[in-house]
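Residue numbers start from 1 in every chain, and the chains themselves are labelled A, B, ... in the order their sequence lines are given, proteins ahead of strands.
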There are 2 protein chains.
Amino acid sequence: MSVAIENFVKAIYKNDNNDSNDTKPGNIAKKLGISNAAATDMAKKLASKNLLQYEKYQALQLTDEGTKMALNVIRKHRLWEALLFKLFDMSLHEIHRESELLEHATSNFLADRISEYLGNPKFDPHGDPIPNANGEITTIDTSMALSNTQEGKTYVISRLMSDDKEFFDFCALNGLKYGNPILVSKQFSKNKMTQITINNNNIVLNEDFTNIIYVNEI
Amino acid sequence: MSVAIENFVKAIYKNDNNDSNDTKPGNIAKKLGISNAAATDMAKKLASKNLLQYEKYQALQLTDEGTKMALNVIRKHRLWEALLFKLFDMSLHEIHRESELLEHATSNFLADRISEYLGNPKFDPHGDPIPNANGEITTIDTSMALSNTQEGKTYVISRLMSDDKEFFDFCALNGLKYGNPILVSKQFSKNKMTQITINNNNIVLNEDFTNIIYVNEI
DNA sequence: AATTAAATTTAAGTAAGCTTAAATATTAAT
DNA sequence: ATTAATATTTAAGCTTACTTAAATTTAATT
């Protein structure tokens, strides 16, 4: 399957949350940086390939086959992230950027070799779960967004859900890293801001960041 | 630049030996598995991009820019070969197959990280020289084809110039590996065959193999 | 409920990278 | 030196993955 198709099913899978509008052609188009018309065209094409269900003006829904393809691409992406992170001195953002390309140039055979080499990890350096070769993915998620945590408690960072370079620069600068502990020193609920303490530094985060940093109770 | 273009300049670079016919569109087409017409079209297009010189019915000649691009792709290919070979339990053929895809999905930045990690190697696991980031490549080659070696002398394997799975299966089976020593126990010049001794086994090779196995005097 | 705004779809068109078939040029053979 | 064989090029056409613009449908607003 082509790069365009792989990215299309991946975008649907990632947008498939609560709001069904998120998987309408327009939102997929926005995510992929293509026109709405192109997304509609592709949707029809993939429906004919039995990768998704398409009904005029409705949200797109991946079939089992489409979901499997999306998970396969995501698996490759996250395995590359884990490998590059382990081997090279690269930022999370750089790792993400490279994996975005490599995921489409990776055979299942190579993906299995990478996984094996890494000890079949269940999570990548962002804390995102890595689907296994059968398309099974860890979905049990006891973590919560930083915005939902309780003042005075200490947590460990479990996920950094972003593709943004500046966000990762910020994380690197301040020691926010998968597995690291942080203290929620103050919640400013009205203003939707959270103060955390890490390495004796106090940092105030607004909702842009508190919604994408996920943590687990210790 | 696209995968098609990268493969095209690479094919010209690799075919550019003594016989100028080798870089005519037809031979490039054969190498890439596309039609002659497609190769002619592409040649014209790349000429307009200043990657090669095209004159009707003549051999294609890469410009400096085209050569640089070819070397850049080859660099990525051979760095991937070296990395996969080091990390994973994969045959030379498998490594080649994967690198053929990965080379087009690799930024210069990542190539430099791989090179660094490997200690900036000058040769890949086939013994082929790896161009550096500036497109400089080791061309001093004191090695010779097995067909040109002298009876009774011992050599070390310096290159295995093939993409063929069966050939690499044969090599793996018999301990023919980059850097390994072999004794040329007999030359059957009339029949263009060579007998070598390796690990106390005598193996007789015909010219299909003696022309692609390169060795250095010790 | 009617109107306006926004999103989606259809239609027409483009560029890349191919194909096959026919025309043309080159090379090899008699 | 012709002729035959081979290679190259031109021409026409296809598929993929896009684009913009117009038409249609859905959703939001008054």
Tell me, please, which residues at least two apart from A:K122 pass side-chain contact (heavy atoms from CB on, under 4.5 Å).
->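 So A:K122 forms a side-chain contact (heavy atoms from CB on, under 4.5 Å) with A:T138.
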
Donor-acceptor pairs under 3.5 Å, side chain of residues 25-38 of chain B to any protein atom, not counting sequence neighbours: which ones?
{"from": "B:N27", "atom 1": "ND2", "to": "B:N21", "atom 2": "O", "distance (Å)": "2.7"}
{"from": "B:K31", "atom 1": "NZ", "to": "B:N15", "atom 2": "OD1", "distance (Å)": "3.0"}
{"from": "B:S35", "atom 1": "OG", "to": "B:A38", "atom 2": "N", "distance (Å)": "3.1"}

Going 5' to 3' along nucleotides 3-16 of chain D, which nucleotides have protein heavy atoms under 4.0 Å from the base (write B), which only from the sugar-phosphate (write S), and which from neither (write -)?
-> -----BBBB----S

By side-chain hydrogen bond (donor to acceptor under 3.5 Å, both in side chains) - contacts of B:Q187 (at least two apart) |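 B:Q187 satisfies side-chain hydrogen bond (donor to acceptor under 3.5 Å, both in side chains) with B:T149, B:T194 only.
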
Extract all donor-acceptor atom pairs below 3.5 Å that involve side chains of residues 46-56 of chain A and protein atoms in other chains or at least two apart in sequence.
{"from": "A:S48", "atom 1": "OG", "to": "A:K45", "atom 2": "O", "distance (Å)": "2.6"}
{"from": "A:N50", "atom 1": "ND2", "to": "A:E65", "atom 2": "OE1", "distance (Å)": "3.4"}

Is there any salt bridge (charged side-chain N to carboxylate O under 4.0 Å, His left out) pair reaching into residues 94-104 of chain B, and which pairs are they, with sequence neighbours excluded?
->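 Residue pairs passing salt bridge (charged side-chain N to carboxylate O under 4.0 Å, His left out), neighbours aside: B:K10-B:E100, B:K10-B:E103.
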
